[in-house]
Amino acid sequence: MDKNKIKILPENIANKIAAGEVVQRPESVVKELLENSVDAGARNIDLIVKRAGKVFIQIVDDGEGMTEDDALLSLQRHATSKIFTYEDLEAISTYGFRGEALSSIAAVSQIEIKTHLPTEEVGTYLRTDDGINISKEKGAYPKGTSIIVKNLFFNTPARRNFMKSDATELKHIIETFKREALSQPSISFKLYNDDDLIFDLPAGSKEDRIKAVFAENMLDALVEVKELTDFINMTGYTAKPNFLKKNKGDQYLYVNNRYVISKQINHAVFNAYEHLLEKGDYPFFVLFLDLDPKRVDINVHPSKLEIKFEDERDVYNFVHAVIKKSISSHDLVPTMSFVDNKNENEKLAYNSFVKLNRNDFSDRPALDNKNISFRHTDYNKTSLSDNEIDALFGSLNMDNRKQVISSTDTPGLQEKEYKETEVDATDKTKNQQGMESSFIIQLHNKYILSQIRSGLMIIDQHVAHERILYEKALRAFDANMPFSQQLLFSQTIKVDAGEYAMLKELQPFLTKLGFEIRFFSKDTIVIDGVPQDVKLGTEEAILLDILEEYNKNQKERNQGDQDSLAASFACKAAIKAGDKLSDREMRLLVDQLFATSIPYTCPHGRPIVIKIPLDEFDKRFGRTS
Ligand code: ADP
Ligand code: MG
C-alpha cells in the first residue's frame, strides 16, 4: 500500500484556489483587465459590463496584442511577459507581474480572447470554460485585444452567492474604473453598463481627468500639491478646507502611479488639516507619490493594494509637511459678496454619479450627497492669487512694524517677537505697496476692518486670536519652556473631585502652557502663575473654563490630549467679542494672525477672515469701472 499522502493538485484546481485571492468579485476582474490593457500600451480602453459584471465583462483595447503562443500562455498560471528575474520586480513599471490574473479569471468563468498583433495578417481567438481545454480559431480582428469574461463564478457556487446586489457590485466597478482612469489621463476610457455609456473620459491632462471624473468645477475645490525632492515627489490635489467631504471613499493615493490603500498616508494627510476637520470629515484628495521602486514593496498582497515603504516614518513626515504647506500657503480667505449666492455655478456640483441616474443605487452608502458639503456655504468662493495675498499681507506687516511699541495693557497680544523688526520699520520706503492701508477699525468691538488691495478685509477678532493662541500653545507643548507671569497674590481656589483629578492629569501640559499650580489638599489648589495671555483677574475663571471646554472637546471630537487642551486654552483665553481693542492691538492681532500656519479657520473650523472685493462695492453703487 502506498504510504505517501502528498499529491500535486491538478492545474485547474490549483488555479481555482489561486483565483480565490485574485478574483473576489466582478470588480477584481475589471481591475486586472484594465491594468493589462494599460500595460499593453493601449491608447483607448472600453469597458463593457452587463448586470454589474456578473454575467458579462468585456474589455476592448488597442494595445500591443498577443501572438497565438502568447495568448495560449497568458491563460497559464505564472505566465507573464512583465518580469523575467526577481530583480526586475525592484524596478517594476507595469501593473502586472504575478502572471496569475488571466489564469485565475479563466478558472472561474467562461473566457474569450480575441487578439491581433498590429504587425500580423491574422489574429487569434481563444475560448475556454475551465482554463484548461481551450478552443482556438484564427481570423481578422481589430488590432489590439478584446477579452470577454462571462458568467463569473458559474463553477464556484459559494463565490457566486457571495456577490452582492447589482448596485453594490456596480459601485465597486465604478470605483475601480475611476481609480485606474485617474492615474492614466493620457489614455481614453469608456465605461458602459447594460448599454448605457456611464463614463466617457477623453485623453487629456491630469486636471482634465479630474474634471471629467468628478465635476467640471472640481478644481475650484482643490489646492494643488507639488513637491519635488531627490528622494520622493508628491503631486496632485487636495481639498480646500472649506470643501471637505463626509465620505471616506474619496481618497485616491497612488504610489509610483499604482493605486494603493495606506492608512498611514491617509492619517498623515488628515492630520495636516488639524482641526479644519470635524469628526467624520475626510478630505478629498488625489495624490501621486513617486519614489525609487526599490524603496517600496508592492508585492505584499495578490491584489497589490497594500504596499510597504522602506522608510515609513520619512514618507509619513514628508506627506504631512507637504499637505500642511499646500493648504496653508493657499489663499483660503473666503470672499463675501452682497449678492445672494444663489448662482448655480458658485456651488460645486459634485457630479461623479450624475450620469448614472438611470441606475438603481439604493444601497450605496456614501453616494447620496451629490454636493460636496460646505461647512460655510455662504463663503465658498476665493479669488485672490498667491501673489496678491503675499502683497496684501506684506503690506500689513510693514504697517505693523511701524507701529510696534511695547505694550502690556492687553496681555493677549504679546509683542516680544516683533521687536527686532522695529529698526527697519521706520523706513517708510519699505512700504512698497505705496497704498494707504493704514486704516484699521473695530466694528462693534467685534470685527476688525481693514483696507486691502482688492477691497475690504474683515476679521473676526475672537477666532483670530483663538488661532494665534492655539498655535502658540502647541508650540509651547513642543518647546518645553514654560513662560508664565507670576501672580502677585497666589490664588487659592476650591475644586470638586472631578476637577481635581483632571488638573492632576493635565498638570504637565498646563505647566508647559504657563500655569503654575500647586495641589494643596483634596479640594484646594493654588495658582501661582498663569500664561502671559491670561488677563489678570480672570485666572480662576479661565482655568476652570478650560477644564470644562477640554471635557467637552474630548467627548465630541477624538482629538489628542494636547490638541484638545490647546484648543480649549485658545478658546477661553482669547479676546472676546465685545473687547475693545486699540489701533495698535488690532494691527498686532492681524500681524500675528497671518504669521500662523492656517490663518483662515479657527481650531473649530469657523472662518476667521472674509473679504469683500472692490468690484462688489462698484456693482452695488452701479459704478461701471
Ligand atoms: P500579468 O499581468 O501579471 O503579467 P496576467 O495573467 O494578467 O499576468 O496576464 C498574462 C500576460 O498576458 C501578460 O503578461 C501579458 O503579456 C498578456 N496580456 C494580458 N492582457 C493583455 C492585453 N490586453 N494585451 C496584450 N497582452 C496582454
Ligand atoms: Mg495582469
Side-chain angles (χ1 to χ4, degrees), residues 11-12 14-24 27-48 57-86 88-109 111-120 123-128 131-132 134 136 141-149 152 176-177 179-180 183-184 187-190 256-259 293 298-305:
E11 195 184 344
N12 64 332
N15 284 351
K16 263 195 196 178
I17 292 172
E21 285 190 302
V22 183
V23 188
Q24 265 123 30
E27 172 248 348
S28 339
V29 174
V30 165
K31 172 176 188 286
E32 297 297 337
L33 295 182
L34 283 171
E35 294 189 343
N36 278 345
S37 294
V38 174
D39 283 346
R43 306 321 304 158
N44 294 282
I45 300 175
D46 289 4
L47 176 68
I48 300 139
I57 300 171
Q58 180 177 22
I59 193 123
V60 182
D61 72 43
D62 56 358
E64 64 191 15
M66 285 177 274
T67 63
E68 181 183 318
D69 288 350
D70 280 349
L72 284 164
L73 268 179
S74 75
L75 290 167
Q76 290 193 22
R77 202 139 58 96
H78 310 310
T80 180
S81 57
K82 298 170 192 173
I83 57 169
F84 298 105
T85 67
Y86 188 79
D88 290 347
L89 201 53
E90 295 198 330
I92 191 93
S93 63
T94 53
Y95 288 120
F97 57 81
R98 298 174 60 105
E100 57 186 4
L102 288 185
S103 58
S104 298
I105 295 168
V108 293
S109 71
I111 192 168
E112 289 172 41
I113 302 179
K114 272 185 200 157
T115 184
H116 196 158
L117 240 53
T119 49
E120 303 231 312
T124 307
Y125 170 83
L126 301 180
R127 203 202 115 97
T128 174
I132 306 294
I134 302 171
K136 186 180 82 187
Y141 309 111
K143 301 289 156 77
T145 303
S146 151
I147 298 180
I148 293 178
V149 175
L152 186 62
T176 290
F177 177 83
R179 289 170 184 175
E180 302 294 336
S183 65
Q184 299 293 343
I187 300 176
S188 111
F189 287 91
K190 288 197 178 76
N256 294 342
N257 225 30
R258 182 188 298 278
Y259 177 88
I298 44 175
N299 195 21
V300 182
H301 191 265
S303 71
K304 310 183 192 97
L305 280 174

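In listed order, ligands and their atoms are each counted from 1.
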* **Main-chain N/O of Pro142 paired to His116 side chain as donor or acceptor, under 3.5 Å** => no
* Report yes if some N/O of Leu102 lies less than 3.5 Å from some N/O of ligand 1; otherwise report no. => yes
* Asked: How does Thr145 reach ligand 1, if at all, at less than 4.0 Å between non-hydrogen atoms: by side chain, backbone, both, or neither?
  -> side chain
* To do: Give yes or no for whether the N/O distance cutoff of 3.5 Å, strictly under, is met between Asp61 and ligand 1.
  => yes
* Contact (N/O only, under 3.5 Å) between Ser81 and ligand 1 -> yes
* To do: Answer side chain, backbone, both or neither: which part of Glu32 comes under 4.0 Å from ligand 1, heavy atoms only.
  => neither
* Structure fact -> The protein heavy atom nearest to atom 20 (N) of ligand 1 is Asn36 CB, 3.3 Å
* Check: Asn257/Ser183 side-chain N/O donor and acceptor closer than 3.5 Å -> no
* To do: Would you please say whether a donor-acceptor pair under 3.5 Å links the side chains of Thr67 and Glu120?
  => no
* **Any N or O of Gly96 closer than 3.5 Å to N or O of ligand 1** => no
* To do: Report yes if Ala101 has an N/O atom closer than 3.5 Å to an N/O atom of ligand 1; otherwise report no.
  => yes
* Counting only heavy atoms, which portion of Phe97 has something under 4.0 Å from ligand 1: side chain, backbone, both, or neither? -> backbone
* Exam field: side chain Arg258 to backbone Ser93, donor-acceptor pair closer than 3.5 Å -> no
* Asked: Stepwise, does the side chain to side chain contact (heavy atoms under 4.5 Å, CB included) test hold for Ile83 with Ile92?
  -> CA-CA 8 Å; Ile83 57 169; Ile92 191 93; 3.4 Å; yes
* At a 4.0 Å cut-off, with the gap strictly under it, does some heavy atom of Ala79 reach an atom of ligand 1? -> yes
* Asked: What is the closest protein heavy atom to atom 2 (O) of ligand 1, and at what distance does it sit?
  -> Lys82 NZ, 2.6 Å
* Tell me, with the steps shown, if Phe189 and Ile187 meet side chain to side chain contact (heavy atoms under 4.5 Å, CB included). => CA-CA 6 Å; Phe189 287 91; Ile187 300 176; 3.8 Å; yes
* To do: Run through the protein N/O/S atoms less than 2.8 Å from the Mg ion (ligand 2) and write them out by chain and number.
  => Asn36 OD1
* To do: Ignoring angles and geometry beyond distance, decide whether Gly99 reaches within less than 3.5 Å of ligand 1 through its nitrogen or oxygen atoms.
  => yes
* Provide, to 0.1 Å, the distance between atom 18 (N) of ligand 1 and the closest protein heavy atom, together with that atom's residue and name. => Met66 SD, 3.7 Å
* Tell me, do Thr145 and Met66 make a side-chain contact under 4.5 Å, heavy atoms counted? -> yes
* Structure fact -> atom 12 (O) of ligand 1 has as its nearest protein heavy atom Ser74 CB, 3.3 Å
* Side-chain (Asp39) to main-chain (Gly96) donor-acceptor, under 3.5 angstrom -> yes
* Side chains of Ile111 and Leu75: closer than 4.5 Å at any heavy-atom pair? -> yes
* Do me a favour and list the nearest non-hydrogen protein atom to atom 4 (O) of ligand 1 with residue, atom name and distance? => Thr80 OG1, 2.5 Å
* To do: Look only at interatomic distance and state if Arg98 has a nitrogen or oxygen under 3.5 Å from any nitrogen or oxygen of ligand 1.
  => yes
* Asked: Tell me, which protein residue and heavy-atom name are nearest atom 25 (C) of ligand 1, and how many Å apart are they?
  -> Ala40 CB, 3.5 Å
* To do: Determine, stepwise, if the pair Asn44 / Ser188 fulfils side chain to side chain donor-acceptor pair (under 3.5 Å).
  => CA-CA 5 Å; Asn44 294 282; Ser188 111; 2.8 Å; yes
* Ignoring hydrogens and angles, state whether a donor on the side chain of Glu112 or Tyr125 is under 3.5 Å from an acceptor on the partner side chain. => yes
* With side chains defined as the heavy atoms from C-beta onward, is the minimum distance between Thr128 and Ile113 less than 4.5 Å? -> no
* To do: Test side chain to side chain donor-acceptor pair (under 3.5 Å) on Tyr95 and Ser37 and set out the steps.
  => CA-CA 10 Å; Tyr95 288 120; Ser37 294; over 6 Å; no
* Applying a 4.0 Å heavy-atom criterion (strictly less than), which segment of Thr115 is in contact with ligand 1: side chain, backbone, both, or neither? -> neither
* To do: Answer yes or no: is there an ion pair linking Lys143 with Asp62, defined by an N-O contact shorter than 4.0 Å?
  => no
* **Test: Lys31 and Glu27 ion pair at under 4.0 Å** => no
